[in-house]
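The structure presented is a predicted model; accordingly, all values stated were derived computationally and were not measured. Here is the naming used below: chain letters follow the sequence lines, and residue numbers restart at 1 for every chain.
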Protein chains: 2
Amino acid sequence: MRQQLQHIREQLANAGLKATQQRMVVYHTLLETMHMHPTAENIYEHVKPENPSISLGTIYKTLDTLVACGLATRVSTASGYMRYDANMDRHNHIYCANTREIIDYHDAALDEIVQAYFERKNIPNLKITNIHVQINGDRIDPEQRIHIQE
Amino acid sequence: MRQQLQHIREQLANAGLKATQQRMVVYHTLLETMHMHPTAENIYEHVKPENPSISLGTIYKTLDTLVACGLATRVSTASGYMRYDANMDRHNHIYCANTREIIDYHDAALDEIVQAYFERKNIPNLKITNIHVQINGDRIDPEQRIHIQE
DNA sequence: ATCGCTGCAAAGGTTTTGCAACGAG
DNA sequence: CTCGTTGCAAAACCTTTGCAGCGAT
């Protein structure tokens with residue numbers, strides 16, 4: 001955790017950015033709550049108790065900054081809310097329509113199959129940067145968590 | 001095209017909805033501009049010259065209606081804008097980062113592979129309703145269209 | 001004629017912006 | 001000390017809503 005803060009500091013320095021309290025806190029929170037793909041508002045509420053003077057505008061600016069320097073990404077939604085993800089490992093998302101969750105889905109075998117498919121396919125005039133499989137569905141039992149085994 | 005308007009009329013009737021001028025025009029435009037996955041604003045601008053009295057609020061309400069009765073879907077974006085798609089055939093999307101386009105990508109073989117994969121996989125407590133492959137990339141030559149051959 | 005739908009304008013919610021004060025390097 | 005960053009509040013956006021009047025059935 002001290003190590004993680006050090007890591008954050010380095011990443012920001014590499015991008016030529018100051019390691020301010022606010023950035024440290026926001027990025028740390030984003031890492032902590034990564035699995036829920038929070039909105040700016042979510043992070044604000046999470047951070048405010050221990051940082052009462054932080055402003056929502058700063059959260060937005062910081063998230064933009066993190067995305068710009070490759071420490072986070074925006075998550076595609078059809079909901080109108082912007083959600084953020086600090087998990088930069090190659091992974092896919094399960095979208096639960098009934099619970100509105102977005103669940104990480106790591107699956108190297110799937111990624112391999114899909115990537116191989118597109119290498120064979122070769123779409124002209126397109127340089128593919130990344131492929132993302134969006135699994136839409138519903139939790140059958142909304143009380144029970146979805147647990148993924150590779 | 002007359003046939004298409006008839007089809008629209010039937011679909012609306014089936015859903016217990018009145019076939020108003022506005023709905024006909026909006027849906028017709030959405031079908032015509034399907035390939036560009038327009039925003040509500042896009043449709044408004046497209047429609048206004050020939051329907052000066054139509055309001056943007058009506059466009060939004062109509063798009064909601066079309067989505068609710070299964071004639072259109074919302075397209076996932078990481079941009080904050082809501083985009084709509086009247087193409088209800090099973091298909092995927094190519095997201096061009098440099099041109100901001102969303103291009104339809106039909107590929108039955110890919111769909112087959114992915115679907116078979118998840119049938120084998122069976123994620124516990126999840127009922128999959130649909131799987132969507134998002135191909136992110138850049139046009140190499142922004143002047144030249146991307147043309148897909150199956 | 002009825003009741004659902006439209007147009008308008010106002011409100012709502014999220015995200016961005018401008019600028020003086022602040023603080024990390 | 002300097003210049004990038006923050007906090008605040010206002011503005012800019014996109015989308016939704018309320019309601020009187022209109023029009024499809």
**Student:** Can you tell me which residue pairs pass the ring-ring contact (aromatic ring centres under 6.0 Å, His included) test with a partner in residues 34-67 of chain B, sequence neighbours excluded?
**Tutor:** B:H37-B:H93
**Student:** Taking only side-chain N and O atoms of B:Y60, does any of them lie within less than 4.0 angstrom of OP1 or OP2 on D:dT16?
**Tutor:** no
**Student:** How bent is the helix from C:dA1-D:dT25 to C:dG25-D:dC1, comparing axes over its five end pairs at each side, to the nearest 10°?
**Tutor:** 40°
**Student:** Tell me: OH of B:Y84 to P of D:dC14, nearest whole Å?
**Tutor:** 13 Å
**Student:** Report yes if the side chains of A:V133 and A:Y105 come closer than 4.5 Å at any heavy-atom pair, otherwise no.
**Tutor:** no
**Student:** Clusters formed by hydrophobic residues whose side-chain heavy atoms approach within less than 4.5 Å: which one holds A:V75, and what are its other members?
**Tutor:** A:Y95, A:I102
**Student:** Nearest whole Å is fine: how far is D:dC13 C1' from B:Y44 OH?
**Tutor:** 16 Å
**Student:** Which residue, A:T62 or B:M82, contacts DNA chain D at a nucleotide closer to its 5' end, judged by nearest heavy atom?
**Tutor:** A:T62
**Student:** So do B:D85 and B:L30 actually touch side chain to side chain, heavy atoms under 4.5 Å?
**Tutor:** no
**Student:** Mind checking what makes side-chain hydrogen bond (donor to acceptor under 3.5 Å, both in side chains) contact with B:Q115, not counting sequence neighbours?
**Tutor:** B:E119
**Student:** Assign a letter to each nucleotide of nucleotides 19-25 of chain C from its 5' end: B, base within under 4.0 Å of a protein heavy atom; S, sugar-phosphate only; -, no contact.
**Tutor:** ----BBS
**Student:** Take the protein atom CG of B:N42 and the nucleotide atom P of D:dT15, then report the distance between them rounded to whole Å.
**Tutor:** 10 Å
**Student:** Applying side chain to side chain donor-acceptor pair (under 3.5 Å) as the test, list every pair that has at least one member in residues 48-57 of chain B; sequence neighbours left out.
**Tutor:** B:S55-B:T58
**Student:** Please enumerate all residues that pass salt bridge (Lys or Arg N to Asp or Glu O under 4.0 Å) together with B:D111, with sequence neighbours excluded.
**Tutor:** B:R90
**Student:** In whole angstrom, give the distance that lies between atom CD1 of B:I59 and atom C1' of C:dC5.
**Tutor:** 14 Å
**Student:** Which Ile, Leu, Val, Met, Phe, Trp or Tyr residues join B:M88 in one cluster when any pair of side-chain heavy atoms under 4.5 Å counts as a link?
**Tutor:** none
**Student:** Can you sort out which residues in residues 48-58 of chain B have a heavy atom within less than 4.0 Å of DNA chain C? Ascending by number, please.
**Tutor:** B:S53, B:I54, B:S55, B:T58
**Student:** Between atom CD1 in B:I43 and atom P in D:dC14, what is the gap in whole Å?
**Tutor:** 15 Å
**Student:** Identify, with sequence neighbours excluded, every residue that meets side-chain hydrogen bond (donor to acceptor under 3.5 Å, both in side chains) alongside B:Y84.
**Tutor:** B:R74
**Student:** Does anything in residues 3-30 of chain A pair up under salt bridge (Lys or Arg N to Asp or Glu O under 4.0 Å), and if so which pairs, sequence neighbours excluded?
**Tutor:** none
**Student:** Can you list the residues that meet the side-chain hydrogen bond (donor to acceptor under 3.5 Å, both in side chains) rule with A:T99, with sequence neighbours excluded?
**Tutor:** A:E101
**Student:** Between B:D64 (CG) and D:dT15 (C1'), how many Å, whole number?
**Tutor:** 9 Å
**Student:** Rounded to the nearest Å, what distance is computed from the OH atom of residue B:Y81 to the P atom of nucleotide D:dA12?
**Tutor:** 15 Å
